[in-house]
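Side chains included, hydrogens not; waters and symmetry mates left out as well; all remaining heavy atoms used. Both counts, for ligands and for their atoms, begin at 1 and track the order of listing. It should be emphasised that the depicted structure is a prediction, and the values quoted were computed from it without experimental measurement.
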Amino acid sequence: MHEEAGRLLRVLLNVPDDYSILFLQGGASLQFYMVPLNLLGEGQTASYVLTGSWSEKALEEAAKVGQIKIAASTEEERFRRIPHQEELAISGDEAYVHITSNNTIFGTQWQQFPDTKGAPLVADMSSDILSRPFDVSQFGLIYAGAQKNLGPSGVTVVIIRSDLLERSQEGLPVMLSYATHARSRSLYNTPPTFAIYLLGKVLGWVERQGGVAKIAAQNELKAKILYDAVDQSGGFYKGHAEPDSRSRMNVTFTLPSAELEKEFLAAAKEAGFVGLAGHRSVGGCRASIYNAVSVEACEALRDFMIAFKAKR
Ligand SMILES: *Cc1c(COP(=O)(O)O)cnc(C)c1O
């Protein structure tokens with residue numbers, strides 16, 4: 001079962017042979033610390049692209065381990081967009097460059113991954129892994145807490161290029177070393193068996209849907225349904241993210257006033273739509289439409305949005 005989950009993930013994401021797939025614990029949040037602990041050596045610098053709260057958390061943890069710098073940040077624009085390649089201060093001799101592929105709170109997503117001029121690219125893909133095809137070989141390391149697109153909480157997937165395993169120093173706490181887990185095929189200690197079992201089930205479901213490309217087409221359609229509802233509302237609903245940075249997983253939008261937002265959320269809840277409130281740090285509304293959400297659910301929300309506006 002353990003092997004089968006790893007095998008399926010390798011097939012679905014087209015993971016090359018020189019990458020190890022690890023099943024760890026501690027969530028993406030532990031990876032914020034494990035990545036620099038393993039990859040950031042003495043005298044080296046790691047660079048972070050700040051696109052939201054998760055990347056800030058990742059940076060804060062890395063700062064406890066070693067030297068870091070910020071390659072770019074869109075904080076001054078309230079994280080409405082992903083920076084362009086020209087804005088990134090990357091020399092290529094960084095220990096690694098870290099990005100957050102999808103920003104749940106602000107509703108932005110990298111459409112095209114950055115060129116890091118040879119430095120290993122590390123990505124927190126917790127909220128969009130398995131939502132669209134991508135080229136794993138562009139990355140040195142990818143990590144994702146399972147609970148958004150992969151399965152239940154309790155297991156964290158790490159995909160790491162073999163040469164980077166050599167950076168794990170001998171003296172590291174054994175459980176925090178990628179080398180430990182790679183050597184023992186993620187069976188160094190008792191794994192989160194039930195979470196991995198369910199991960200395998202979810203991967204089987206993705207395979208039966210026709211694979212990641214099929215899921216991506218579905219996600220594209222789902223997002224379009226909701227963004228169209230926003231864009232065709234005559235300004236009643238306003239998207240938070242700039243159009244070319246829009247996330248296909250989290251659709252963030254506001255209404256003309258806080259009062260109307262409260263009314264909208266209450267009426268939505270009444271109609272059976274739960275969890276539509278935006279994150280407390282930004283307010284507004286957020287529709288999270290991860291892989292498990294159906295096209296029909298997005299259509300129902302669109303219809304509700306149109307009807308709510310018509311009543312005003
Ligand atoms: C949800 C999320 C996290 C938090 O993950 P945990 O597994 O709860 O630590 C981290 N990063 C991103 C991008 C997320 O979407």
Side-chain angles (χ1 to χ4, degrees), residues 9 13 21-38 46 48-64 71-75 79-83 96-111 113-114 121-132 134 139 141-160 175-176 178 181 186 191-192 194-196 198-199 202 219 223 240-241 245-252 275 277-282 286-293:
L9 192 58
L13 289 180
I21 296 177
L22 313 178
F23 296 143
L24 308 183
Q25 300 188 58
S29 299
L30 184 58
Q31 294 310 306
F32 296 164
Y33 191 76
M34 261 179 91
V35 165
L37 186 68
N38 284 265
Y48 281 70
V49 183
L50 299 187
T51 53
S53 312
W54 295 117
S55 46
E56 285 179 325
K57 286 205 165 92
L59 172 114
E60 280 165 27
E61 290 297 283
K64 296 173 184 170
S73 170
T74 51
E75 185 173 15
F79 295 123
R80 273 202 177 86
R81 64 179 186 91
I82 299 293
Y96 62 85
V97 176
H98 181 281
I99 64 167
T100 309
S101 58
N102 180 75
N103 301 278
T104 53
I105 295 173
F106 301 94
T108 62
Q109 187 176 28
W110 288 79
Q111 311 301 334
F113 296 116
L121 179 59
V122 173
D124 175 358
M125 288 200 185
S126 296
S127 53
D128 68 350
I129 193 166
L130 219 59
S131 71
R132 56 178 174 176
F134 67 95
F139 296 85
L141 186 150
I142 293 159
Y143 63 91
Q147 64 272 20
K148 283 156 189 141
N149 271 344
L150 293 175
S153 59
V155 62
T156 308
V157 167
V158 171
I159 303 172
I160 179 171
M175 282 296 289
L176 297 182
Y178 291 131
H181 299 290
S186 304
F194 193 66
I196 295 170
L198 283 175
L199 165 65
V202 172
N219 285 334
H240 176 77
S245 294
R246 282 175 167 176
S247 167
R248 274 127 182 110
M249 296 279 99
N250 312 96
V251 179
T252 50
H279 191 270
R280 62 188 177 282
S281 60
V282 293
R286 170 175 58 167
S288 289
I289 50 173
Y290 298 116
N291 284 0
V293 175

S.K.: Can you tell me if S245 uses its side chain to pair, donor with acceptor, with the backbone of R81 under 3.5 Å?
M.R.: no
S.K.: Once you round to the nearest 0.5 Å, how far does OH of Y290 lie from CG of L150?
M.R.: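 Taking OH in Y290 and CG in L150, the distance rounds to 12.0 Å.
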S.K.: Not counting sequence neighbours, which residues clear ring pair (Phe, Tyr, Trp, His ring centres under 6.0 Å) with Y143? List them please.
M.R.: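 Applying ring pair (Phe, Tyr, Trp, His ring centres under 6.0 Å) to Y143 gives H98.
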S.K.: Pick out the protein N or O atoms lying less than 3.5 Å from any N or O of ligand 1, and list each pair with its distance.
M.R.:
from: ligand 1; atom 1: 7 (O); to: A28; atom 2: N; distance (Å): 2.9
from: ligand 1; atom 1: 7 (O); to: Q147; atom 2: NE2; distance (Å): 2.9
from: ligand 1; atom 1: 8 (O); to: Q147; atom 2: NE2; distance (Å): 3.1
from: ligand 1; atom 1: 9 (O); to: A28; atom 2: N; distance (Å): 3.2
from: ligand 1; atom 1: 9 (O); to: S29; atom 2: N; distance (Å): 2.8
from: ligand 1; atom 1: 9 (O); to: S29; atom 2: OG; distance (Å): 2.6
from: ligand 1; atom 1: 11 (N); to: D124; atom 2: OD2; distance (Å): 2.6
from: ligand 1; atom 1: 15 (O); to: S127; atom 2: OG; distance (Å): 3.3
from: ligand 1; atom 1: 15 (O); to: K148; atom 2: NZ; distance (Å): 2.7

S.K.: Do the side-chain N and O atoms of T104 and N250 include a donor-acceptor pair separated by under 3.5 angstrom?
M.R.: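 N250 and T104 do not have a side-chain donor-acceptor pair below 3.5 Å.
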S.K.: List the atom pairs, donor and acceptor, that lie under 3.5 Å between side-chain atoms in residues 125-132 and the rest of the protein, sequence neighbours left out.
M.R.:
from: S126; atom 1: OG; to: D124; atom 2: OD1; distance (Å): 2.7
from: S126; atom 1: OG; to: G145; atom 2: N; distance (Å): 3.2
from: S127; atom 1: OG; to: N102; atom 2: O; distance (Å): 3.1
from: S127; atom 1: OG; to: N102; atom 2: ND2; distance (Å): 3.0
from: D128; atom 1: OD1; to: S101; atom 2: OG; distance (Å): 2.6
from: D128; atom 1: OD2; to: S101; atom 2: OG; distance (Å): 3.4
from: D128; atom 1: OD2; to: Q109; atom 2: NE2; distance (Å): 2.9
from: D128; atom 1: OD2; to: R132; atom 2: NH2; distance (Å): 3.2
from: S131; atom 1: OG; to: D128; atom 2: O; distance (Å): 2.6
from: R132; atom 1: NH1; to: W110; atom 2: O; distance (Å): 2.7
from: R132; atom 1: NH2; to: W110; atom 2: O; distance (Å): 2.9

S.K.: Run the side chain to side chain donor-acceptor pair (under 3.5 Å) test against T252 and tell me which residues pass, sequence neighbours left out.
M.R.: none
